[in-house]
Amino acid sequence: MDKHKQDKTEKEWYEFWEKSGFFKADPSLSKKPYSLLMPPPNVNGELHLGHAMQQSILDALARFKRMQGYDVLLLPGVDHAGIIFESTLNKQLSKEGLSKQKLGYEAWMKRAWQFKEDVYNSFHKTWTFLGISADWSREVFTLEPKVAKATFEEFKTFWEQGLLYKGAYIIQWCPKCGTAIEDLEMEYVERKDQLYYLQYGPLVIATTRPETKFADTAVAVNPKDKRYKEYVGKEFEIQTLNGPRKMKVIADDAIDPKFGTGAEKVTPGHDLLDYEIGKKHDLPILHVINKEGRLTELAGKYAGMKVEEARGAMLPELKEKGILIKTEDYTHSVPVCERCKTTVQPIISEEWFVKMKPLAEKALKNLDKVNLLPKNYHKILTDWYKEIHDWSISRSLWWGHRIPVWYCQKCNPQHEVSKDKGMVISLEKPTQKCLICQASDWIQDEQVLDTWFSSGLWPLATLGWPDKTRELDRYFPWDFELTAPEIKYLWIARQIMLSLWFKGQIPFKNMFFHGTIRDPKGQKFSKSLGNGINPYELVETWGVDATRMALYTYSAPGRDARTSRRIMDERCKNFRNFGTKLKNLHRFIFELKPKDAATSSDFSHEEDTEIIQWLNGLTDSVTKNLESYQLHLAVEDLYDFIWHKFADSYVEWSKKRRAEAQPCLEYVYKTCLELLHPFMPFITEELWHKLPHEGKSIMVAAWPEAGIPAK
RNA sequence: GGGCUCAUGGCUCAGUUGGUUAGAGCGUUGCAUUCACAUUGCAAAGGUCCCAGGUUCGAAUCCUGGUGAGCCCACCA
C-alpha cells in the first residue's frame, strides 16, 4: 500500500462520481427503473437539519437501488415558494431602505432572480457536501418554462372542465404580504384580548372586534333561544358612531346561545361565519377594512387607521355614547399568516378558485394504491379529502406563474370571467382578435398562481408532462417520494389528486412521511427561536458520513425526534469513531497482512462459518430494512455487526490463526463496506479503492447477497 | 370541539407478525493498555417497559378506561 498517496477529499470523490456519470439516470432498456423524487426545498434561506435528513434518506435509497442494478433516477429541484420568497426578499430590501413599490416590477424581478440564484448556489453547495447522488442534468426549478407549460395545461383543463371560477368571495387576507392566503397557510396564536359588550337596539351583543361594527348588517340569535324569540324578524334602530341605523334581528342555527349574550352582530364582509349567515339571509355586504388592513371611509373619522389602532381609538366614543356596556378579559386564538405572523383579515376579494370535490372523490377511490408510511396517514388524508373545500389559487404577488388569462380591454374592462366575455386563456399574449368586439388589446390578469398549484404537478411536470415523454413513460409513477408531515395537505394530498385527475395514475407508489426534528422541549427548530442546528457545522466537525449516520438514527417514519446540538454532537461523534474503526480494520487486515497469508479458503473453520453466518444475517436484514425504508434499523444492524461481531469478536479470534483467516477477513470486510456504502458513501469509497476490487467505484459495485462466498 | 401520535434504565432512542434472563449509544463505576484502534478493549451498576382493568398458556407488544406530552384539523364571534 502506497502510504504517500494522498487520499482524495470528499469534494474530489464527489467530482469523480459526477464526472463518471454515476448520478445520471440511464434509460437503457436492460435495466429496471427505480425513481425517487426530491421534494423541492423553498428558495429561501438555508437548508436545515430536516432537509439534510430528508435528502440523506433519498440518497441512501438511490445508492442502494443503483447497486442492486436498477436504473435509478433521483430527480432534484427547487421550489419558487411565492409568499415566503417575497416576504424574505422584501424584508431584505427594507433593510436597504428599498421596497417592492420603490423598485417597480422590472427592477424587483431582477433582484428576485438574483436572490434566487444566490440561494440556489448555497443549496448546491449543501447537496454536494452531503454527497447527494441526484441527476443534476435533470434538475427542475418550478418557475422554468417546462413547469409553466404543465401549469398552463392544468389551468386550461380545469377551465374547460368547468372547475375553475373567479369571483368576489370572503377570503383570508394577509395585509402585510398583500395577498389572499388559504386556511392551510394560516396558524393560530393565543392572545389576550377584551370581549366588548355593545348595545344593539334592545339587545346586547359580545364581540372582540368592535371596529367591524361599521360593516354590520344584522343582529343574529339562535332560533331556539327563548330569550330572544320575540325579537326575531323585527327591525330596530341601533345607535352607531355614524348616527342611528336600522337593523334586523335574524335567527340562525350557527349562533351559539352560550357565547356572550347569545346575540351576535353579523358582519358578512369581515367574518367567514357571518358571510355564510349573510348569504342565507340575503344580507348586504359592507366593507370597513381594506387590503392594507386599514379602515375604509365607512368608518368616518376612524378611516385610514389600522384595525387595532382604530379599536383603541373608538372605545371612548363608544363608552360616551352608551354603546359600550362593559368589557371582559378574553383569551382566544387569533389567525395569523404562517409566513409573516400578521393578523389575517377576512375580507371580500376577487379571487380564482378550483372546485375540488370531483378531484377529491377520485383520490378517495384510489388512495389505497399509495403505500403511505406510516400507514395511519391513510386515515389522515381520507378525512381531509372527505371535507375538502374549494382551492383558492390566486395570489396577489409578483413571484410566481402569472394567471394565464387575458382580458379584452375594450369590451371587458372589468375583467369579468365567463365564456361569453372578451377573455382568452393563453400562456403568451394572444395574437388573435377578441371574438366579442374584434379588438386586439389584451391585458393579462395581474395575479399569480398559488405556489402549490405548480408544486402539485411536481411528479408530472418534472418528467415533461403534458408532453408524452420517454421519461414519463419510464419513471412515472415514482417509486419513492418523501416529505415533512406539515405539508401533507398542501402538497401530498394535492399531488395525488392532480396526478389522478390529469394522468389517471397515482403519482408515487411509496410515500414516506419522516418525523420532525425538534429541540429538547419539543419545539420546532426555527430561525426566530434561534434554536436551529446548522448541518454545515456538524459536517465540519464530524464529517459527512458521521453526520448522515446520526440523521439516519432519527429517520423512523412518522417519528418526531428531540435533539440538541449536544445530542447531535454525541451521536455524530459516535459515528465518527465508527469511521475510525473502519479505517483501523482496514489497517489491520490489509496493511498488516501477514506475508504467508492464505490466498484462498473454503471458510470451513468454525469461526469462519460463524462470522459468515452472521454476515449473511446482516446482508438480509440491511436489504430488507432498506426495502421497507427502515433506515434506522439498517444502520443499527451495521453498527452492531461491524463493531461488535466483526471487530470485537471475529478479528480477535483471528489473531491466533491470522494467516489462515485472511481470505475470510477480506471477504467480510469488503462486504461490510458495500452494505455500508448507501449510508456512508465517502469513507466506504475511499477504503474500497484501497482493496483489491473490480470496477471503477463502490457506487457501481453489485449489492451483496447472502451466501457462501466463492472460493 | 374532533382526530392522530407518543409514554421503555440519568439522557436520546430501538424493539418486526404477542414467546426464553427487555436492547443500543451517550453518561456513570471498576479494570486493562508497548496488541489494527485511547476516536480503544473487558466488565459492572442502572428498567414493576406511565397507571388500572381485560384477552391469552404467555403482553413493552392486542383491547378498554385513565393520566401526561406533542402534533394536526374546525367558521371559537
Side-chain angles (χ1 to χ4, degrees), chain A residues 170 172 183-184 186-188 190 193 195-196 205-210 212 220 254-256 258-267 270-277 330-335 346 374 376-384 386-387 389 485-486 488-489 513 515-516 518 520-524 542-543 546 549-550 553-556 558-564 566-593 621 624-625 628 630 632-633 635-637 639-640 643-644 647-648 651-652 654-655 658 665 669:
Chain A
I170 191 148
Q172 307 286 1
D183 302 348
L184 292 170
M186 303 186 337
E187 57 189 36
Y188 288 83
E190 194 144 283
D193 269 328
L195 190 60
Y196 304 91
I205 62 93
T207 181
T208 54
R209 308 195 58 193
T212 59
I255 301 298
D256 177 3
K258 289 198 253 350
F259 182 86
T261 59
E264 262 336 293
K265 69 193 206 53
V266 184
T267 322
H270 299 292
D271 185 281
L272 263 57
L273 176 63
D274 291 3
Y275 179 78
E276 291 304 320
I277 295 176
Y330 185 63
T331 304
H332 63 151
S333 302
V334 179
N376 65 302
Y377 274 82
H378 192 276
K379 179 174 162 48
I380 295 175
L381 293 183
T382 298
D383 289 351
W384 189 73
K386 280 185 184 158
E387 279 170 47
H389 39 248
E486 64 259 28
K488 55 186 173 292
Y489 306 128
F513 292 91
T516 305
R518 301 175 180 281
K521 288 181 202 147
Q523 290 177 297
K524 247 187 223 178
W542 307 109
M549 289 295 266
T553 65
Y554 282 120
S555 72
R559 295 284 208 142
D560 285 3
R562 288 183 182 202
T563 193
S564 63
R566 190 184 61 76
I567 293 168
M568 282 312 292
D569 278 340
E570 238 172 61
R571 290 205 175 196
C572 288
K573 181 179 163 194
N574 205 238
F575 287 110
R576 193 263 331 250
N577 295 356
F578 179 61
T580 309
K581 197 75 175 172
L582 285 172
K583 286 183 193 160
N584 277 312
L585 279 166
H586 174 267
R587 247 190 90 195
F588 175 74
I589 299 169
F590 293 93
E591 292 176 30
L592 303 174
K593 177 174 165 178
S621 91
K624 190 195 80 190
N625 286 323
S628 57
Q630 299 193 284
H632 62 296
L633 296 181
V635 160
E636 197 182 312
D637 285 347
Y639 182 93
D640 177 66
W643 201 307
H644 300 299
D648 290 347
V651 169
E652 289 306 317
S654 80
K655 284 175 184 170
R658 180 67 182 80
L665 284 165
Y669 185 71

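Keep in mind the model is a prediction, meaning the values are calculated, not measured. Only this structure's heavy atoms are used, side chains among them; waters, hydrogens and symmetry mates stay out. Numbers restart at 1 for each chain; the letters A, B, ... are given by sequence-line order, proteins then strands.
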Between P of B/rC6 and OH of A/Tyr377, the distance in whole Å: 11 Å
For B/rU48, the Watson-Crick or wobble partner whose two distances fall under 3.5 Å: none
Sugar-phosphate, base or nothing in reach of A/Glu387, heavy atoms under 4.0 Å: nothing
Watson-Crick or G-U counterpart of B/rA36, or none if no pair lies under 3.5 Å: none
Pairing partner of B/rG68 (Watson-Crick or G-U wobble, both distances under 3.5 Å): B/rC6
Sugar-phosphate only, base, or nothing, as touched by A/Lys265 at under 4.0 Å among non-hydrogen atoms: nothing
Touch class at under 4.0 angstrom, heavy-atom based, for A/Arg562 against every strand present: sugar-phosphate
C1'-based separation of B/rA59 from B/rG41 [nearest Å]: 38 Å
Touch class at under 4.0 angstrom, heavy-atom based, for A/Glu276 against every strand present: nothing
Distances for protein N or O near nucleotides 45-47 of chain B N or O, under 3.5 Å:
none

Any N/O pairs under 3.5 Å between the protein and nucleotides 39-41 of chain B? List them or say none.
residue, atom, partner, partner atom, Å
B/rU39, O4', A/Asn577, OD1, 3.4
B/rU39, O2, A/Arg576, NE, 3.1
B/rU39, O2, A/Asn577, OD1, 3.4
B/rU39, O2, A/Thr580, OG1, 2.4
B/rU40, OP1, A/Asn577, ND2, 3.0
B/rU40, O3', A/Lys581, NZ, 3.3
B/rG41, OP1, A/Lys581, NZ, 3.4
B/rG41, OP1, A/Trp643, NE1, 2.2

Whole-Å C1' distance, B/rC51 and B/rC11: 24 Å
Opposite nucleotide pairing with B/rG25, Watson-Crick or G-U, both atom distances under 3.5 Å: B/rC11
G-U wobble or Watson-Crick pairing nucleotide for B/rC75 (cut-off 3.5 Å, both distances): none
N/O (side chain, A/His586) to phosphate O (OP1/OP2, B/rC37) under 4.0 Å: no
Sugar-phosphate, base or nothing in reach of A/Ala647, heavy atoms under 4.0 Å: base
Sugar-phosphate only, base, or nothing, as touched by A/Tyr330 at under 4.0 Å among non-hydrogen atoms: sugar-phosphate
B/rC62 - base-pair partner by Watson-Crick or wobble geometry, distances under 3.5 Å: B/rG54
Whole-Å gap separating P (B/rC76) and CD1 (A/Ile255): 13 Å
Qualifying residues under salt bridge (Lys or Arg N to Asp or Glu O under 4.0 Å), relative to A/Glu570, sequence neighbours excluded: A/Arg566
